Number of protein chains: 2
Amino acid sequence: METYSIGEISKKTGVSIRTLRYYDEIGLLRPAKDPSSGHRIYTEEDILQLHKIMSLKFIGLSLEEIRQYIHQPTYDLTLKETLILEKNMLEQKRSQLERSIQAIEYAITLLEEEGEIDSLLLMSLIRSIQTEEDQKRLMTHYLDQETIDAIFHNEELKQKEKEMIKSYAQFVKQVHEMYGLPIDHPDVQHMIETFLRSTVGLLSSQTVEKIADLLNKKTSESFEWEEEWDVLSPLPFSKEEVQWLEQAMDYYMQRLEHTGIDWEEPQKGENDGHGKKR
Amino acid sequence: METYSIGEISKKTGVSIRTLRYYDEIGLLRPAKDPSSGHRIYTEEDILQLHKIMSLKFIGLSLEEIRQYIHQPTYDLTLKETLILEKNMLEQKRSQLERSIQAIEYAITLLEEEGEIDSLLLMSLIRSIQTEEDQKRLMTHYLDQETIDAIFHNEELKQKEKEMIKSYAQFVKQVHEMYGLPIDHPDVQHMIETFLRSTVGLLSSQTVEKIADLLNKKTSESFEWEEEWDVLSPLPFSKEEVQWLEQAMDYYMQRLEHTGIDWEEPQKGENDGHGKKR
DNA sequence: ATACCCCCTAACGCAACTGGAGGTTCAAGA
DNA sequence: TCTTGAACCTCCAGTTGCGTTAGGGGGTAT
């Protein structure tokens, strides 16, 4: 029977010598040892075991889990259950990875466009993706599934993602700059209008109405979920800026109601001649 | 100014108390401390920092990297470079994850179909996915890119994946059972035919020809890459079984040549009346 | 004799936490 | 005022899957 030294095995399989010794140490793969020299002696059988180990490791099992299956000549349904659990883990990891990649792409886009970027802004963007699942879950307390889907699985929205990020960044910058101006200043009101049109404008009027309802309710009743809100993304503004912005938005909304103009369905076609006051 | 205890912060942000203390210890987030009690006192400012940390961690930066950006009020293009590197890392991870998931799905499929499964078979399947990249790379020594793509990016092949796995599993089982029978036994020859039709049958005749050429060459010349082959997947057979199978296949091939029948293009249309000898 | 391989064991280091022991401090109730 | 229990503190250890020295043995080519 042919035998191999640890170095040969390492070359053959691509597993490092240290790793092989480690597997020996933890009892995962115990080759024979030359009693006089102490050198490890690997057989073909050992190579096969090693390949098994590598397969199961590739699947994502821990060395501890691998040890439980490694000595069985056949695998049965207990492995299947392990694998299904493992598959779910991997799929979770994948979707989390995908969100991370999306977040990083946003961040790169922004850095490219702006050159330099407010750390709070970047944070709020990343966190909004990071906590997307939480946001959805939280919304189920207030909104029906249909409305939530309308917000998050909006195809048109996805296509205009880059634009939206840019306009959001613009908005944040302008708020910083304009903070302190009177809330009824035309520039301030124009900024709010532009921002709302670029974001909310993409949602259908029913969706917007439901969200408006939600906002009304939020201030009046049911603060039971308030704690959960804390886990979500903080805004890229100081407390004072938030207050100022809220006032300015209230003013904008009131004026809207007065003039009787409301959001239009985001349809193709003419996009002018309504409520553009500045 | 409002302040919070470590427990409150933990609840607010979902970060464990232990982790918060750890961040303090490594200097990532150092809240003030009550000098008399030694309790940590977190401010709103600290919460913001913590959110920043969570964002950057989410996109995959290490705590060490985070520390370099955390104290800057704005991020510049050095962050962009970091992010691009990070993005590449994440994408690599993703493709590796995807292969793992694929492998695990194969394995689950097999376990479902068969109930119990030879560990060597499972291993060879997993390893064939695991080393797909290596296989491709290795093949560039022998085959042109076009042929390789024909093998690996074959749409029809992907659709029939499950079937192929099953027929491979069948084949392995039958080899174990039939080992020892004379190589010209009708059952043996039939098994080989069935297997080849279900796998190679999906490739175009040009592709098959090229592979045949490759196999001829492999025995005659250029053993320089032999070592690399070792890294790839071992077969789910014993050495003796491999020898037996090789002989049986040689016999099959010779008979094929004699009768002048060769592989047909895998086109739609009639699939009968050629070389089906059993 | 020396350089250079390959092998050995033993121990430390890593990242980003988590857990436990053993000891304060704080707020509220008896 | 005392006691109880929750919440906090520090310090030390352990986790995974190895990589990386450090220190040494033994064989062979120059």
Side-chain angles (χ1 to χ4, degrees), chain A residues 3-43 46 49-50 52-68 70 86 89-90 93 96-97 100, chain B residues 3-43 46 49-50 52-70 82 86 89-90 93 96 100 130:
Chain A
T3 62
Y4 308 87
S5 74
I6 196 171
E8 286 166 335
I9 294 294
S10 176
K11 272 206 188 104
K12 256 177 137 49
T13 62
V15 177
S16 79
I17 290 181
R18 175 65 182 100
T19 301
L20 289 168
R21 286 207 265 254
Y22 178 64
Y23 289 169
D24 187 358
E25 189 186 325
I26 65 172
L28 197 56
L29 182 66
R30 316 211 87 144
K33 280 197 176 190
D34 184 319
S36 63
S37 69
H39 289 197
R40 275 163 257 256
I41 301 165
Y42 289 85
T43 65
D46 290 323
Q49 283 284 62
L50 182 54
K52 274 199 214 170
I53 292 168
M54 289 162 73
S55 315
L56 295 178
K57 197 156 96 69
F58 180 73
I59 299 281
L61 300 192
S62 69
L63 299 187
E64 191 40 49
E65 286 169 308
I66 291 173
R67 180 154 47 197
Q68 301 176 21
I70 198 67
E86 195 46 39
M89 296 270 300
L90 292 186
K93 264 198 200 169
Q96 129 90 2
L97 239 184
S100 295
Chain B
T3 62
Y4 308 88
S5 74
I6 196 169
E8 287 168 331
I9 293 296
S10 176
K11 272 204 190 107
K12 256 177 137 51
T13 62
V15 178
S16 81
I17 291 182
R18 225 28 216 90
T19 300
L20 287 169
R21 286 208 266 257
Y22 176 67
Y23 287 169
D24 186 0
E25 189 187 324
I26 64 170
L28 196 54
L29 182 65
R30 317 212 86 146
K33 280 196 175 189
D34 184 318
S36 65
S37 69
H39 289 194
R40 289 172 180 81
I41 301 165
Y42 289 85
T43 65
D46 289 323
Q49 284 285 62
L50 182 54
K52 273 199 215 173
I53 291 170
M54 298 198 303
S55 317
L56 295 179
K57 200 158 94 65
F58 180 71
I59 53 182
L61 299 194
S62 70
L63 298 188
E64 198 32 62
E65 286 168 309
I66 290 174
R67 182 154 44 200
Q68 299 175 23
Y69 293 106
I70 199 67
T82 310
E86 198 41 43
M89 296 270 300
L90 292 185
K93 265 198 199 169
Q96 133 87 5
S100 294
Q130 184 181 357

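No experiment lies behind these values; they were computed from the predicted model shown. Proteins get letters first, then strands, A, B, ... in listed order; numbering begins at 1 in each. Just so you know, these numbers use all the heavy atoms, side chains as well, and skip hydrogens, waters and symmetry mates.
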Checklist entry - Please give, in whole Å, the distance from C:dC17 P to B:Met54 CE? => result 12 Å

Checklist entry - Taking for each residue the nucleotide of DNA chain D bearing the nearest heavy atom, is the 5' side occupied by B:Gly7 or by A:Ile17? => result B:Gly7

Checklist outcome for this item: Separation of C:dA10 atom C1' from A:Asp24 atom CG, nearest Å, is 14 Å

Item to check | 5' precedence on DNA chain C between A:Ile6 and B:Ser37 (nearest-nucleotide basis) | outcome: A:Ile6

Next on the checklist: As an exercise, state the distance from CG of A:Leu56 to CZ of A:Arg67, rounded to the nearest 0.5 Å.
Outcome noted: 13.5 Å

Checklist entry - Rounding to a whole Å, what distance do you find between B:Glu8:CD and D:dC8:C1'? => result 12 Å

Checklist entry - Which nucleotide sits closest to the side chain of A:Lys33: D:dC8, C:dC8, C:dT9? => result C:dT9

Checklist entry - Shortest non-hydrogen contact from A:Ile41 to A:Lys33? => result CD1-C, 4.0 Å

Next on the checklist: Output the rounded distance in Å from CG (A:Leu20) to C1' (C:dC7).
Outcome noted: 13 Å

Checklist entry - Between atom CG of A:Asp46 and atom OH of A:Tyr4, what is the distance when rounded to the nearest 0.5 Å? => result 11.0 Å

N/O-N/O pairs, protein side and nucleotides 16-18 of chain D side, under 3.5 Å:
residue : atom : partner : partner atom : Å
D:dC18  : OP2  : A:Tyr23 : OH           : 2.8
D:dC18  : OP2  : A:Lys57 : NZ           : 3.4

Next on the checklist: Using whole Å, what does the distance between atom C1' of nucleotide C:dC6 and atom CD1 of A:Ile41 come to?
Outcome noted: 15 Å

Next on the checklist: Using a strict threshold of under 4.0 Å (side-chain N to carboxylate O), is an ion pair present between B:Lys11 and B:Glu8?
Outcome noted: no

Checklist entry - Is the backbone N or O of A:Ser62 less than 3.5 Å from a side-chain atom of A:Glu65, with the two atoms forming a donor-acceptor pair by type? => result yes

Item to check | From C:dT25, C:dC7, D:dT10, nucleotide with atom closest to B:Arg21 side chain | outcome: D:dT10

Item to check | Taking every non-hydrogen atom, the tightest pair across B:Ile59 and B:Glu86 | outcome: O-CG, 3.3 Å

Checklist entry - How many angstroms lie between CD1 in B:Ile53 and OG1 in B:Thr19, if you round to the nearest 0.5 Å? => result 11.0 Å

Checklist entry - Within less than 4.0 Å of OP1 or OP2 of C:dC8, is there a side-chain N or O belonging to A:Arg40? => result yes

Checklist outcome for this item: Axis-to-axis angle for the helix from C:dA1-D:dT30 to C:dA30-D:dT1, ends of five pairs each, to 10°, equals 30°

Checklist outcome for this item: From CG of A:Asp34 across to P of C:dC6 the rounded distance in Å is 18 Å

Item to check | Test side chain to side chain contact (heavy atoms under 4.5 Å, CB included) applied to A:Lys93 - qualifying residues, sequence neighbours left out | outcome: B:Leu97

Item to check | Atom-pair distance (CG on B:Leu29; P on C:dC17), nearest Å | outcome: 13 Å

Item to check | Side-chain donor/acceptor of B:Ser10 to backbone N/O of B:Ile6, under 3.5 Å | outcome: no

Checklist outcome for this item: note: A:Ile26, atom CD1; D:dG14, atom P; distance rounded to Å ~ 18 Å

